[in-house]
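Not measured: the values here are computed from a predicted model.
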2 protein chains.
Amino acid sequence: MPRNGKPTRDRILDNAQRLTLDKGFAATSVDEVIAASNSSKGAFFHHFPSKSDLGRALLTRYAEADVAALVAFMELAEATTEEPGEQVLEFIRLFEEIGDDIIEEQQSSCLYVSFVHDRQLTADGSTHVIEEAIRAWRTRLAQKLVAASLTRPGLTTIDLDALADHVFVTFEGAFILARATADPSAMRSQLRILRELLHALLGQPQPPG
Amino acid sequence: MPRNGKPTRDRILDNAQRLTLDKGFAATSVDEVIAASNSSKGAFFHHFPSKSDLGRALLTRYAEADVAALVAFMELAEATTEEPGEQVLEFIRLFEEIGDDIIEEQQSSCLYVSFVHDRQLTADGSTHVIEEAIRAWRTRLAQKLVAASLTRPGLTTIDLDALADHVFVTFEGAFILARATADPSAMRSQLRILRELLHALLGQPQPPG
DNA sequence: CGCGTTACAGACTGTTCGGTCTGTTTTGTA
DNA sequence: TACAAAACAGACCGAACAGTCTGTAACGCG
């Protein structure tokens with residue numbers, strides 16, 4: 001089915017994502033997407049019944065990649081150390097390492113930001129996938145924090161779900177900081193700060209007894 | 001000049017801000033703003049030569065209020081305690097207290113988010129006011145952190161500018177979390193987490209010597 | 001090779017958009 | 001009260017928009 005290298009549908013999705021990350025979904029016109037992906041009206045509306053359907057497809061694909069990264073990096077962290085507190089710190093350190101690439105690839109932006117402001121997509125339940133992705137991050141991290149809290153007295157008085165969410169919050173906030181100040185290193189430095197803050201809160205693990 | 005209660009220009013700005021916070025600037029049409037503020041095409045383009053000029057006015061007004069809040073709350077914190085580390089913690093606690101109101105007033109959103117994605121406004125230097133606001137937060141907080149670092153050994157190895165920026169990052173990230181999960185308490189709980197993280201990092205102040 | 005189906009191409013359409021223009025009312029001031 | 005300037009009202013305009021329609025080329029498969 002693909003005429004050249006990549007299937008048309010994928011080319012449309014790739015270029016639509018690029019344009020949306022750059023200037024937002026509402027400000028990106030269908031004609032622009034078509035032009036950028038060397039496609040046509042016919043091809044576009046063959047693959048996507050409406051612009052909203054493109055949005056849904058974009059968001060779904062993006063959220064899947066997001067959760068996949070969460071899982072992959074957590075497994076890497078688990079392979080590095082056994083102690084759950086250390087795993088969380090290592091998890092953040094891994095993202096810190098690729099912070100600059102994330103910013104470059106995503107043009108200092110996150111698709112979630114565009115779509116939580118889209119009326120159409122929030123009206124039907126399309127933005128639910130964002131909630132699911134957030135919940136995935138929260139669940140996975142909170143589980144580690146609960147395990148860590150058994151040997152880390154500093155965690156016992158803390159809302160561990162909120163603390164888990166703070167990782168997501170740091171990502172989203174850092175995207176905005178990076179974009180607003182045109183500073184690509186913001187993601188890396190904010191993840192580093194998050195790791196240092198967490199390190200201080202975790203403290204030294206206490207032997208049982 | 002005002003026919004009824006509030007001047008037309010202010011009514012336009014208020015309603016434009018409401019609509020922009022709700023669904024983004026690009027997705028908010030001039031006609032909508034006019035209808036919401038019971039105004040007319042003539043009135044609108046009398047006060048604002050173009051939609052971009054409305055955007056600039058919105059952004060400027062918003063950033064001014066933002067920096068004003070920074071200054072006001074920092075002064076309150078300074079009135080509560082003399083020690084700079086404690087001042088930072090109290091500063092965050094003050095915002096934590098009104099976290100729910102912030103979310104409600106601003107519909108779980110921040111104008112900065114809409115405008116960092118606007119091509120037109122970023123092309124000319126209009127989004128520079130965002131940078132200035134961010135710098136104001138960074139400067140004011142970093143100054144406190146530097147002072148605090150004299151008696152707080154936990155701060156000596158930390159990038160204090162990045163740590164100062166993390167407050168802004170937490171705000172922006174919390175807005176997105178609150179919007180995406182439809183949870184108005186997210187701002188409050190994230191500010192609380194930030195305060196607890198900072199508290200752990202600051203540690204106990206050491207007497208000189 | 002025949003043929004239905006999928007994948008495209010691009011002219012076209014109705015609507016909405018930002019912005020203009022002409023005219024009317026209100027207001028500050030002398 | 002006269003009058004210029006500011007504040008508004010709303011019909012109007014061309015461009016851009018999302019989406020449609022008709023037609024054609026390529027493929028899968030018997």
Side-chain angles (χ1 to χ4, degrees), chain A residues 1-20 22-59 61 114-115 117-124 126, chain B residues 1-20 22-59 114-115 117-124 126-127:
Chain A
M1 300 127 198
R3 221 185 17 185
N4 46 6
K6 252 193 166 180
T8 303
R9 196 188 130 94
D10 289 354
R11 265 174 23 237
I12 291 175
L13 281 172
D14 291 345
N15 285 284
Q17 174 161 329
R18 231 193 52 235
L19 289 165
T20 301
D22 182 39
K23 46 193 230 167
F25 188 67
T28 300
S29 74
V30 171
D31 286 351
E32 265 178 308
V33 173
I34 288 166
S37 48
N38 278 315
S39 186
S40 69
K41 270 266 156 83
F44 181 93
F45 284 100
H46 171 72
H47 290 289
F48 307 100
S50 74
K51 193 192 175 188
S52 296
D53 286 282
L54 168 68
R56 264 183 288 276
L58 273 180
L59 197 51
R61 196 179 68 147
S114 278
F115 285 108
H117 285 92
D118 191 292
R119 284 290 236 159
Q120 185 116 18
L121 277 298
T122 46
D124 58 50
S126 301
Chain B
M1 299 126 200
R3 220 185 15 185
N4 46 5
K6 253 195 166 180
T8 302
R9 196 187 130 95
D10 290 352
R11 262 172 27 234
I12 291 174
L13 282 172
D14 291 345
N15 285 284
Q17 173 161 330
R18 230 192 53 236
L19 289 165
T20 301
D22 182 38
K23 45 192 231 167
F25 188 66
T28 301
S29 73
V30 172
D31 287 349
E32 264 178 308
V33 172
I34 288 166
S37 48
N38 278 316
S39 186
S40 68
K41 270 265 156 83
F44 182 93
F45 285 99
H46 171 73
H47 290 289
F48 307 99
S50 73
K51 193 192 174 187
S52 296
D53 286 283
L54 168 68
R56 265 183 287 276
L58 273 180
L59 197 50
S114 278
F115 285 108
H117 284 92
D118 191 293
R119 284 289 236 160
Q120 186 117 17
L121 278 297
T122 47
D124 58 50
S126 300
T127 50

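- A salt bridge does not link A/R11 with A/D14: none of the charged nitrogens is closer than 4.0 Å to a carboxylate oxygen.
- In the set D/dC8, C/dG18, D/dT20, the nucleotide with an atom closest to the side chain of B/T8 is D/dC8.
- If you measure from atom NZ of B/K23 to atom C1' of C/dC17, you get 13 Å, rounded to the nearest angstrom.
- Applying the 4.0 Å criterion to OP1 and OP2 of C/dG10, one finds that A/K41 has every side-chain N and O outside that range.
- For B/H47 and D/dA5, the NE2 to C1' distance is 14 Å, given to the nearest whole Å.
- A 4.5 Å side-chain heavy-atom check between B/Q120 and B/K51 finds every atom pair outside the cut-off.
- No side-chain donor from either of A/S29 and A/D31 sits under 3.5 Å from a side-chain acceptor of the other.
- B/T28 comes within 4.0 angstrom of sugar-phosphate atoms only, judged by non-hydrogen atoms across all strands, and of no base.
- The listed nucleotides are C/dG19, D/dT20, D/dA9; the one nearest the side chain of A/F45 is D/dT20.
- Spacing between atom CZ of B/F44 and atom P of C/dT20 amounts to 12 Å, rounded to whole angstrom units.
- Across the protein-nucleic acid pair, B/L19 atom CG and C/dC17 atom C1' stand 16 Å apart, rounded to whole Å.
- A/S40 comes within 4.0 angstrom of a base, heavy atoms only.
- Counting heavy atoms from C-beta on, the side chains of B/L13 and B/F48 come closer than 4.5 Å.
- Here the CZ-OG distance, from A/R18 to A/S37, works out to 9.0 Å after rounding to the nearest 0.5 Å.
- Between A/A27 and A/G42, it is A/A27 whose nearest contact on DNA chain D lies nearer the 5' terminus.
- The nearest whole Å value for the distance from the CG atom in A/D31 to the C1' atom in C/dT15 is 14 Å.
- Residue B/H46 has no polar side-chain atom (N or O) positioned under 4.0 Å from OP1 or OP2 of D/dC8.
- Between the NZ atom of B/K6 and the C1' atom of D/dA7 there is a distance of 18 Å, rounded to whole Å.
- The separation between A/I34 atom CD1 and D/dC17 atom P is 11 Å, rounded to whole Å.
- Residue B/S29 places no side-chain N or O under 4.0 Å from the OP1 or OP2 atom of C/dT16.
- The nearest whole Å value for the distance from the CZ atom in B/F48 to the C1' atom in D/dC8 is 14 Å.
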